[in-house]
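Numbering starts at 1 and runs along the sequence shown. Values below: all heavy atoms of this structure, side chains included; hydrogens, waters and symmetry mates excluded. Computed from a predicted structure; not experimentally measured. Counting starts at 1 for both ligands and their atoms, following the listed order.
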Amino acid sequence: MVSILNFINGRFEKPLNGQYLDNYNPATGEVFGTIPDSGPEDIDMAVNAASAAFLLWSEMPLEERHDILMAVSDGIMDNLEQLAAAESLDSGKTITTARTVDIPRAALNFKFFATALLHFSAESHHMPGALSYTLRQPIGVVGGISPWNLPLYLFTWKIAPALAAGNCVVAKPSEVTPYTAFLLSEICIKAGMPPGVLNIVHGLGPRAGEAIVRHPGVKAISFTGSTRAGAEIARIAAPMFKKLSLELGGKNPNIIFADCDYERMLDTTLRSSFSNQGQICLCGSRIYVERPLYEKFKNDFVAAVRQFKTGDPSDPNSRMGAVVSKLHFDKVLSYIALAREEGGTVLCGGQALEMPGALKCGWYIAPTVIEGLPNQCRTNQEEIFGPVVTIQPFDTDEEALSLANDSVYGLSATLWTNNLQRTNHFSRQLQAGIVWVNTWLLRDLRTPFGGVKQSGVGREGGWDALRFFTETKNVTIGNY
Ligand code: NAD
């Protein structure tokens, strides 16, 4: 059994209320540990520790801050195998995904912002007789709240820039996948991070998470998760005038034209549909295919999906693992049932998979492809966030654009074409924060990341993240 504890002021702490939650292994459906069911009193303790550490951390010479964050990055890579195994156990994702995507990216997040802090600068403006310059100062204590789909990857995507900018942090990972954040605490101690600079508190969203949002000592919140929780956080934080970055849900279109590079498109679309069991906010769940290519694409795509090996997440040969929780398993299956009710034809998958032996009670769903649904139905409008995609044909560019934009969400969009004019037209007109053309999930950490419409507010990544985690002040000096 793995007993997870809070990490506050450089020490491991039990929750003050003495309450714990069960932590499940999605591969087997069994409990493998406990996590603190923290409440406002634990958050208060963490905020006090962070406030006390702020002067030391924010005034620390940049090179020293850099060295500590680089040591965290190195510590993550030194513990790659342990962290990857923990991530796979906790989330049901395959060990291969954890080993090659999640954990290396978490290390890179620290490395990227450790070096960025050495180069971060601000503007100055000159006019006759006066000089104005911009100060970008750390905000103080900031909060980070992250989801379960890319646990350490997204947790560190918030923590690393917040710390690099000189803030102290109170962060909460998802209660569904807390294990690697717990292991990160030990890495931070070994890296020499001063007590109180980073505090990791575990627990439920509406209790521990909301307590971070409500705490008057927390000046900014960076949140990644569902649109529903994002709206609740915004409702609480807005009257307190907290700075907010909200990275929310999506229902991303994948638009495929007949002039695309077919093999590359097919291979990438298999990944963009089902990587991490479709539980990546950037997965393309609505696939639109130009009619002359539709039948060929459908046959090849479905044949390839049928070959996917879903199995034990710890087996390097498994292409797909388990979905993250019983709750999520039931939700995804209910959407497949809804798709049938709405008149969809299930071309492959469409049911839970029963595994042998120890995996018998795990939460496995066959990768599912559905056709024949109108764009406005709930299956095509609501975020399912599982191994389920729909496919639809289209006839013209304008029809494709209108189908793609017909959504309350606007996180990312993928376009497959070799037509330059069309590429530029779609890139301008697609209502999304991120557009990929002839690729998917290719991330340059210097680029802005975020969504439009109900997919969020604000941008993370590169200088945008450091600007979010700093307060901008203008100083004008006259008569000089
Ligand atoms: P969720 O909103 O249920 O939970 C996310 C985090 O918020 C968890 O740590 C949770 O404990 C906390 N939380 C929940 N309610 C809260 C509240 N009222 N106050 C404070 N904290 C609260 O989301 P999830 O199910 O963990 O993750 C899946 C969602 O995340 C999907 O909608 C997905 O699209 C989204 N997501 C978005 C991005 C992005 O970059 N836009 C990336 C990954 C995931």
Given 3.5 Å as the limit, does a donor-acceptor pair link the side chain of [X] with the main chain of [Y], or not?
X: T94; Y: T97; answer: yes
X: R136; Y: L466; answer: no
X: Q392; Y: E371; answer: no
X: Q279; Y: N276; answer: yes

Protein residue, atom and distance nearest to [atom], heavy-atom basis:
atom: atom 28 (C) of ligand 1; answer: F385 CE2, 3.6 Å
atom: atom 7 (O) of ligand 1; answer: F223 CE1, 3.1 Å
atom: atom 1 (P) of ligand 1; answer: S226 OG, 3.6 Å
atom: atom 35 (C) of ligand 1; answer: G225 O, 3.2 Å
atom: atom 42 (C) of ligand 1; answer: C281 SG, 2.9 Å
atom: atom 44 (C) of ligand 1; answer: N149 OD1, 3.5 Å
atom: atom 27 (O) of ligand 1; answer: P147 CB, 3.3 Å

Specify side chain, backbone, both or neither for [X], according to which of its non-hydrogen atoms lie closer than 4.0 Å to ligand 1.
X: T227; result: neither
X: E383; result: side chain
X: I233; result: side chain
X: I145; result: side chain

Original post:
Taking the six-membered ring of W157, is the NZ or CZ of R105 close enough (under 6.0 Å from the centre) and on axis enough (within 45°)?
Top reply: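 That pair qualifies as a cation-pi contact.
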
Which atoms from ligand 1 have a heavy atom of [X] less than 4.0 Å away?
X: F449; result: 40 (O)
X: S174; result: 9 (O)
X: W148; result: 24 (P), 25 (O), 26 (O), 27 (O)
X: P173; result: 9 (O)
X: A229; result: 2 (O), 14 (C), 15 (N)
X: L411; result: 41 (N)
X: L154; result: 42 (C), 43 (C)
X: E232; result: 18 (N)

Assess, by modelled atom type and distance only, whether the side chains of [X] and [Y] contain a donor and an acceptor separated by less than 3.5 Å.
X: S285; Y: N252; answer: no
X: K251; Y: Q381; answer: no
X: R443; Y: T447; answer: yes
X: N380; Y: T390; answer: yes

Contact check, [X] vs ligand 1, heavy-atom distance below 4.0 Å:
X: G456; result: no
X: A208; result: no
X: S146; result: yes

Subject >> ring-ring contact (aromatic ring centres under 6.0 Å, His included) partner of W148, the single match among Y24, Y179, F385 >> reply: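 In the set Y24, Y179, F385, the residue that makes a ring-ring contact (aromatic ring centres under 6.0 Å, His included) with W148 is F385.
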
Ligand 1 N/O within reach of [X] N/O, cut-off under 3.5 Å:
X: E175; value: yes
X: S455; value: no
X: K172; value: yes
X: L248; value: yes

Original post:
What do you think, any protein heavy atom under 4.0 angstrom from atom 40 (O) of ligand 1?
Top reply: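 Protein heavy atom within 4.0 Å of atom 40 (O) of ligand 1: present.
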
Subject >> T115 OG1 to L117 CG distance, which is reported to the nearest 0.5 Å >> reply: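 If we round to the nearest 0.5 Å, T115:OG1 and L117:CG are 7.5 Å apart.
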
Original post:
Can you find a heavy atom in the side chain of V213 that is under 4.5 Å from one in the side chain of I145?
Top reply: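 When only atoms from C-beta onward are counted, I145 and V213 do touch, with a gap below 4.5 Å.
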
**OP:** Could you go through the ring pair (Phe, Tyr, Trp, His ring centres under 6.0 Å) check for F12 and F182 one step at a time?
**Re:** CA-CA 9 Å; F12 289 102; F182 173 60; 5.5 Å; yes

**OP:** Using heavy-atom distances, let me know which of G450, G205, G433 sits nearest atom 22 (C) of ligand 1.
**Re:**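 When every heavy atom of G450, G205, G433 is considered, G205 comes closest to atom 22 (C) of ligand 1.
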
Original post:
Is the shortest side-chain N to carboxylate O distance from E471 to K219 below 4.0 Å?
Top reply: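 Salt bridge absent between E471 and K219.
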
Subject >> Cationic N near anionic O, under 4.0 Å, R99 to E87 >> reply: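 So R99 does not pair with E87 through a salt bridge.
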
**OP:** Could you go through the side chain to side chain donor-acceptor pair (under 3.5 Å) check for K158 and T224 one step at a time?
**Re:** CA-CA 9 Å; K158 307 193 165 304; T224 300; 2.7 Å; yes

